A.B. asks: 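The structure's right below; bear with me while I get my questions together.
Just so it is clear, the values below take in all heavy atoms, side chains as well, and ignore hydrogens, waters and symmetry mates. Just so we're clear, the structure is a prediction, and the values are computed from it rather than from any experiment.
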Amino acid sequence: MRYLLALVALILAGLGAGCSGGPGQTNPAEAAIATNKPSLSFDNIILTESDQQGRGQLWELKAKRAEYSRDGKVAVVTGIEGAFFEDGIKTLLVKATKGQIQTEARVIVLSGVVVARSVQRKVYFTTPELRWLPDQDRVEATGGVTLTDPVQGIIVKGERMEGDLAGDLLNLSGKVTATQPKRNVVLTATTARWQVEQGQIQAQTVTVQDPVSRLQAPVLDWNLKAQTLIANQGMAYQHQTPRQDLTATTARWDQPQNLLTVSGNVDYRQGQVRVQGNSAVADLKAGTVQIKGQVRTSLETLALK
């Protein structure tokens with residue numbers, strides 16, 4: 001890696017500081033300490049690298065302090081602010097308490113308090129650790145991550161995230177939650193795939209809740225732009241007051257109209273009343289359900305306890 005170091009005088013000062021005593025005056029204890037210390041340290045510097053294939057700049061980090069190992073393979077930096085590039089274009093802005101540049105492994109690890117923002121997608125996130133793999137244009141966040149999309153008005157959290165540098169495709173896992181404060185909707189899932197530009201979240205083992213109802217499904221597609229949630233592999237819906245339960249093979253929840261349209265093996269229950277049919281439309285605001293197609297109604301006896 002080729003680094004552009006601001007303030008060349010600092011380099012010369014660092015080299016000068018590494019020399020002490022006259023000829024032949026070597027203290028063994030001092031020599032042992034010096035062996036374990038970085039060969040060079042700099043204050044208020046800029047580090048950068050350009051792609052060897054001619055794609056332009058790869059990254060640029062401003063640091064309050066940098067300490068290099070003797071072999072030059074590792075640099076420990078603190079007080080970081082900078083950017084990662086893709087095809088020579090500034091793509092992800094970052095700030096971090098500290099970090100490590102692994103020159104031979106071609107990995108940059110930011111840690112402590114890390115804040116990053118996608119220049120193009122406007123999504124920003126915080127995490128305790130962020131790894132950037134320049135050869136793959138990929139970032140990895142571990143130890144918990146919180147992403148905010150101000151355009152779609154959604155906050156997504158998970159224990160781990162992998163994504164492209166532009167912040168267009170993000171994969172989250174581990175106690176995933178997606179919150180839409182404007183509509184008071186919370187989605188929880190085991191994993192989620194977020195296509196930011198398309199405004200599409202596909203989640204696995206999902207529960208979606210608002211103040212009065214809950215919908216569960218093994219797989220759910222949430223279109224943030226169209227404001228629809230679609231389940232095609234089965235779903236179960238429950239309204240709290242009055243208690244209503246509805247299951248079906250497929251479902252479409254239109255958030256603006258607050259309508260839930262379901263089809264396939266429709267089974268609706270309220271109290272002792274059970275209604276089955278081919279399809280149904282539930283007005284979630286009014287709390288009414290209309291069953292259609294080969295409707296079968298039955299009155300179930302409550303089991304005695």
A.B. asks: Below 4.5 Å, heavy atoms only, C-beta onward: do Val139 and Leu165 meet side chain to side chain?
C.D. replies: yes
A.B. asks: Among Met235, Gln270, Gln238, find the one that has a side-chain contact (heavy atoms from CB on, under 4.5 Å) with Leu246.
C.D. replies: Met235
A.B. asks: Is a donor on one side and an acceptor on the other found under 3.5 Å between the side chain of Ser118 and the backbone of Ala166?
C.D. replies: yes
A.B. asks: Let me confirm one number: the NZ-NZ distance from Lys64 to Lys98, rounded to the nearest 0.5 Å.
C.D. replies: 15.0 Å
A.B. asks: Give a yes or no answer on whether the side chain of Thr249 reaches the backbone of Gly264 with a donor-acceptor pair at less than 3.5 Å.
C.D. replies: yes
A.B. asks: State yes or no: do Val262 and Ile230 share one hydrophobic cluster built from I, L, V, M, F, W and Y residues joined by side-chain heavy-atom distances below 4.5 Å, directly or via other members?
C.D. replies: no
A.B. asks: Do Leu299 and Val273 pass the side chain to side chain contact (heavy atoms under 4.5 Å, CB included) test, and can you show the C-alpha distance, the side-chain angles, and the key distance before you say yes or no?
C.D. replies: CA-CA 5 Å; Leu299 187 64; Val273 178; 4.2 Å; yes
A.B. asks: Please lay out, stage by stage, how Leu47 and Phe42 fare under the test side chain to side chain contact (heavy atoms under 4.5 Å, CB included).
C.D. replies: CA-CA 11 Å; Leu47 304 101; Phe42 310 100; over 6 Å; no
A.B. asks: What's the spacing between Arg252 CZ and Asn232 CG if we round to 0.5 Å?
C.D. replies: 10.5 Å
A.B. asks: How far does NZ of Lys62 sit from CG of Asn44, to the nearest 0.5 angstrom?
C.D. replies: 11.0 Å
A.B. asks: Is the closest basic N to carboxylate O distance between Glu162 and Arg160 below 4.0 Å?
C.D. replies: yes
A.B. asks: Can you tell if the side chain of Trp253 reaches within under 4.5 Å of the side chain of Val208, non-hydrogen atoms only?
C.D. replies: yes
A.B. asks: Who else is in the cluster with Leu93 when I, L, V, M, F, W and Y are joined by side-chain contacts under 4.5 Å?
C.D. replies: Val119
A.B. asks: Please report the interatomic distance CG(Asp210) to CG(Leu187), rounded to the nearest 0.5 Å.
C.D. replies: 12.0 Å
A.B. asks: Evaluate the side-chain proximity of Val107 to Leu133: yes if any heavy-atom separation is below 4.5 Å, no if none is.
C.D. replies: yes
A.B. asks: Taking all non-hydrogen atoms of both residues into account, name the closest pair between Val94 and Ala83 and its distance.
C.D. replies: CG2-N, 4.2 Å
A.B. asks: So does Lys73 get a backbone contact from the side chain of Thr103, meaning a donor-acceptor N/O pair under 3.5 Å?
C.D. replies: yes
A.B. asks: Mind listing the closest non-hydrogen atom pair of Val156 and Ala178 along with its distance?
C.D. replies: CG2-CB, 4.1 Å
A.B. asks: Working note: Leu229 + Leu215, criterion side chain to side chain contact (heavy atoms under 4.5 Å, CB included); need CA distance, chi angles, decisive distance, verdict.
C.D. replies: CA-CA 10 Å; Leu229 297 101; Leu215 186 147; over 6 Å; no
A.B. asks: Just how far is it from atom CG of Asp267 to atom CZ of Arg274, taken to the nearest 0.5 Å?
C.D. replies: 4.0 Å
A.B. asks: Answer with yes or no whether the side chains of Gln180 and Gln227 bring together a donor and an acceptor at under 3.5 Å.
C.D. replies: yes
A.B. asks: Return the minimal non-hydrogen interatomic distance between Asn184 and Pro211, and the atom names on each side.
C.D. replies: ND2-CG, 3.0 Å
A.B. asks: Give a yes or no answer on whether the side chain of Asp254 reaches the backbone of Pro256 with a donor-acceptor pair at less than 3.5 Å.
C.D. replies: no
A.B. asks: With the 4.5 Å side-chain cut-off for hydrophobic clustering, are Val76 and Val113 part of the same group?
C.D. replies: no
A.B. asks: A side-chain contact here means heavy atoms from C-beta on lying under 4.5 Å apart; do Arg106 and Glu49 qualify?
C.D. replies: yes
A.B. asks: Testing the basics here: between Pro128 and Gly144, what is the closest heavy-atom pair and its distance to 0.1 Å?
C.D. replies: CD-O, 3.0 Å
A.B. asks: Quick check: do Gln244 and Val289 have side-chain heavy atoms less than 4.5 Å from each other?
C.D. replies: yes
A.B. asks: Please list every donor-acceptor pair under 3.5 Å in which a side-chain atom of residues 193-204 meets a protein atom from a residue at least two apart or in another chain.
C.D. replies:
residue, atom, partner, partner atom, Å
Glu197, OE1, Arg121, NH1, 2.8
Gln200, OE1, Asn223, ND2, 3.3
Gln202, NE2, Asp221, OD1, 3.2

A.B. asks: Which residue pairs pass the ring pair (Phe, Tyr, Trp, His ring centres under 6.0 Å) test when at least one of the two sits in residues 79-100, sequence neighbours left out?
C.D. replies: Phe84-Trp132
A.B. asks: CD1/Ile89 to CD/Gln120 distance, rounded to the nearest 0.5 angstrom?
C.D. replies: 8.5 Å
A.B. asks: Measure across Pro218 and Gly234 and return the closest heavy-atom pair with its distance rounded to 0.1 Å.
C.D. replies: CD-O, 3.3 Å
A.B. asks: Can you find a side-chain donor-acceptor pair between Ser41 and Arg65 that sits under 3.5 Å?
C.D. replies: yes
A.B. asks: Is there a side chain to side chain contact (heavy atoms under 4.5 Å, CB included) between Val295 and Val275 once you walk through the steps?
C.D. replies: CA-CA 7 Å; Val295 176; Val275 184; 3.6 Å; yes
A.B. asks: With a 3.5 Å distance limit and no angle check, can you tell me whether Thr146 reaches the backbone of Thr126 through a side-chain donor-acceptor pair?
C.D. replies: no
A.B. asks: Side chains of Leu110 and Ile108: does their closest heavy-atom pair fall under 4.5 Å?
C.D. replies: yes
A.B. asks: With a 4.5 Å heavy-atom cut-off, do Ile101 and Trp59 have their side chains touching?
C.D. replies: yes
A.B. asks: Is there side-chain contact between Asp137 and Thr91, with heavy atoms separated by less than 4.5 Å?
C.D. replies: no
A.B. asks: Determine whether a donor-acceptor pair (N or O, by modelled atom type, separation under 3.5 Å) exists between the side chain of Thr179 and the backbone of Pro181.
C.D. replies: no
A.B. asks: Can you establish whether the number of heavy atoms outside Lys225 located under 6.0 Å from its atom NZ is more than 12?
C.D. replies: yes
A.B. asks: Which heavy atom in Gly82 sits nearest to a heavy atom in Leu61, and how many Å separate them?
C.D. replies: CA-CD2, 4.1 Å
